[in-house]
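Scroll down for the structure; my scribbles are underneath it.
Both backbone and side-chain heavy atoms feed into the values below; hydrogens, waters and symmetry mates do not.
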Amino acid sequence: MALPAPSPIHLLRSHSSAVSTLFISTDNERIYSGDSTGQAVVTSTRSLRPLTSWKAHTDSLLGIEEWGSQIITQGHATLSDLSTPTKCYSMDVNALNYCRFSLLVIAGVSTQGGLLAVPNLVESALADIWSLPSRQRIHDAIGDPLDASATAFSDGRSGSKSGIIMSMHLFYSASSAPSSSTSARELRLLCAYEDGSVVLRQRNAPENKQTVEGRGWEVVWKSKLHVESVMAMAVSSSCAFALTVSADHLVGRYDLSKTQEEASESTPAGTVFKTKHSGNGTVAIRSDGRVCAIGGWDGKVRLYSTKTLKLLGTLVHHKQGCQAVTFASHIVPLGGDLKGDDSSGDEDDITMEEKYAVGRWMIAGSTDRKVSIWALMNFEKTST
């Protein structure tokens, strides 16, 4: 039986138009939000007041994410790397695509680098990977070129079998940590498509070799669980599994550890779960991988177990569609002690108990221009 829904503990009203994207820093200190007019806002989780806001783009924000001391934002026209409020540089992206970028952070010895996956500049059914901060395209047109060029149109929509990329996630496989030797790292790209399918690809080219026209990449598995376009996809922090939602009432769960040999008709990589609610537009997975939040076009946010897709509760506040959800980094008290050690000098005026409280937050953004913050209960017993 689903648990009774609480009320939001805070409401942020910093936007004058529909909230389209959300992100919270890994230390749970800052909430990043963007809206349909290109306005970006950074809010302190301590004071719940805006730290800064700026016009990042002239059109709707598709994504915003913190990268070291900088911020990456994505609009329909350009993808900009910002150290607010001064623009450092911008990159052209495919303006006909609504797919958010995927950032893979690579920590170096002295500098921080990253890999950025975005839809191809010409074909929306293909993907490119760029190196940051050099802004060099290292992998071009990942996907099936024959599928993308099925007709004379070149925006990826037309007659291609899979349609445009709706969501993507770039990651290293769980068996190859980024800190391991370069020869052992397996770079993978998970793409969700307009036809409801999800494809996992793996780089088989040498790590430092540039690839073009999709060469150097192979398909690990394909899965088609949805009857409608995939509207959103989320990958667990461990990169062990992914979830997809759509306009239909289905939720797809995908095992990212399966190899090409293991993924077959008898043991498919994807498993479909039927829910009682259709019209889902966004999904997020808590950092411990146990709970997910699905935002609906009806404005409600539903919480599910990621293992069984059992409904854990429904959060009701927004009167219009929910377009973005995210979780704070979940903190597990050691030995059940919420007091902990408050002696660190750079954590002014915040206790360990307050840190744990913020770690239970779930944040939602809606077309009603509001950002709601919810304090979730402990799902340790109910999420299995």
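- Taken to the nearest 0.5 Å, the OG atom of Ser20 stands 8.0 Å off from the NE2 atom of His15.
- Here the shortest heavy-atom pairing between Asp35 and Ser17 reads CG-OG, 3.1 Å.
- Using a 4.5 Å heavy-atom threshold, the side chains of Ile9 and Trp361 count as touching.
- A side-chain donor from one of Lys370 and His317 sits under 3.5 Å from a side-chain acceptor of the other.
- For the pair Glu66 and Leu103, the tightest heavy-atom approach, listed with the atom from each and the gap, is O-CD2, 4.4 Å.
- To the nearest 0.5 Å, the span separating OG1 on Thr351 from OH on Tyr356 amounts to 10.0 Å.
- Checked by atom type and distance alone, the side chain of Ser36 never pairs as donor or acceptor with a backbone atom of Ser60 at under 3.5 Å.
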Can you check side chain to side chain contact (heavy atoms under 4.5 Å, CB included) on Glu29 and Arg46, steps first, answer last?
-> CA-CA 7 Å; Glu29 289 285 335; Arg46 299 193 191 190; 3.0 Å; yes
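- At a cut-off of 3.5 Å, with distance as the only test, a side-chain donor of Asn94 or Ser124 sits close to an acceptor on the other residue.
- Val93 is not listed as a side-chain neighbour of Leu62, based on a closest heavy-atom distance of 4.5 Å or more.
- Between the CZ atom in Arg13 and the OG atom in Ser372 there is a gap of 10.5 Å [rounded to 0.5 Å].
- Residues Leu243 and Ile294 have side chains not in contact (no heavy-atom distance under 4.5 Å, counting atoms from C-beta outward).
- Asn120 is listed as a side-chain neighbour of Arg137, based on a closest heavy-atom distance under 4.5 Å.
- Both Met168 and Val219 belong to a single network of hydrophobic side chains, linked directly or stepwise wherever heavy atoms of I, L, V, M, F, W or Y lie under 4.5 Å apart.
- Within the 3.5 Å criterion, the main-chain N or O of Ser329 finds a donor-acceptor partner in the side chain of Asn28.
- Residues Ser287 and His330 have side chains that never bring a donor and an acceptor to within less than 3.5 angstrom of each other.
- A heavy-atom distance below 4.5 Å is found between the side chains of Ile373 and Leu48.
- At distances below 3.5 Å, at least one donor-acceptor pair connects side-chain atoms of Gln323 with backbone N or O atoms of Val19.
- The two residues Ala141 and Leu126 have their closest heavy-atom pair at CB-CD1, 3.7 Å.
- Counting heavy atoms from C-beta on, the side chains of Val118 and Cys99 never come closer than 4.5 Å.
- Nearest heavy atoms, Tyr193 versus Val199: CE1-CG2, 3.8 Å.
- The distance from the CD atom of Glu186 to the OH atom of Tyr172 is 11.0 Å, given to the nearest 0.5 Å.
- No side-chain N or O of Ser223 forms a donor-acceptor pair with one of Trp221 less than 3.5 Å apart.
- Counting all heavy atoms, side chain and backbone alike, Trp54 lies closest to Ile71 at CH2-CD1, 3.8 Å.
- Once rounded to the nearest 0.5 Å, the distance linking CD1 of Ile142 with CZ of Arg201 reads 8.0 Å.
- If you check the side chains of Ser246 and Glu228, you find no donor sitting under 3.5 Å from an acceptor.
- The backbone N or O of Gly296 lies less than 3.5 Å from no partner atom in the side chain of Asn280, so there is not a single donor-acceptor pair.
- The shortest distance between side-chain heavy atoms of Val371 and Ile363 falls below 4.5 Å.
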Check the pair Ile129 / Trp217 against side chain to side chain contact (heavy atoms under 4.5 Å, CB included), numbers first and verdict last.
-> CA-CA 12 Å; Ile129 298 177; Trp217 289 78; 3.7 Å; yes
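- For CZ of Arg30, the number of neighbouring non-hydrogen atoms (other residues, nucleotides, ligands) closer than 6.0 Å is greater than 12.
- A single hydrophobic cluster is seen to contain both Val283 and Leu309, as judged by linkage of ILVMFWY side chains at heavy-atom distances under 4.5 Å, directly or through other members.
- Linking Ile, Leu, Val, Met, Phe, Trp and Tyr whenever their side-chain heavy atoms come within less than 4.5 Å puts Val198 and Leu200 in one cluster.
- Remark: the backbone N or O of Leu170 is paired with a side-chain donor or acceptor of Ser102 at under 3.5 angstrom.
- A donor-acceptor contact shorter than 3.5 Å is absent between the side chain of Gln70 and the backbone of Trp67.
- Residues Leu22 and Met362 do not share a hydrophobic cluster, defined by chaining ILVMFWY side chains whose heavy atoms lie under 4.5 Å apart.
- Within the 4.5 Å cutoff, the side chain of Gln202 has no heavy atoms near those of the Ser173 side chain.
- Between the side chain of Thr306 and the backbone N or O of Arg290 there is at least one donor-acceptor pair closer than 3.5 Å.
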Please test Val41 against Tyr32 for side chain to side chain contact (heavy atoms under 4.5 Å, CB included), starting from the C-alpha separation and ending with a verdict.
-> CA-CA 6 Å; Val41 179; Tyr32 295 83; over 6 Å; no
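- Taking CD1 of Ile165 as the start and CD of Glu123 as the end, the distance is 10.5 Å to the nearest 0.5 Å.
- Using a distance-only test at 3.5 Å, with no hydrogens or angles considered, a donor-acceptor pair links the side chain of Lys55 to the main chain of Thr37.
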Working for side chain to side chain contact (heavy atoms under 4.5 Å, CB included), residues Ser197 and Lys161 | CA-CA 10 Å; Ser197 65; Lys161 297 177 183 178; over 6 Å; no
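- Annotation for His318 and Ser366: closest pair ND1-CB, 3.3 Å, computed over non-hydrogen atoms.
- When hydrophobic clusters are built by joining Ile, Leu, Val, Met, Phe, Trp and Tyr residues whose side-chain heavy atoms come closer than 4.5 Å, directly or via intermediates, Leu250 is grouped together with Leu225.
- Remark: the backbone N or O of Phe23 is not paired with any side-chain donor or acceptor of Thr326 at under 3.5 angstrom.
- In this structure, Arg253 forms a cation-pi arrangement with Phe241, its terminal cationic atom sitting closer than 6.0 Å to the ring centre and no more than 45° off the ring axis.
- Using modelled atom types, one side-chain atom of Glu194 and one backbone atom of Ile164 make a donor-acceptor pair closer than 3.5 Å.
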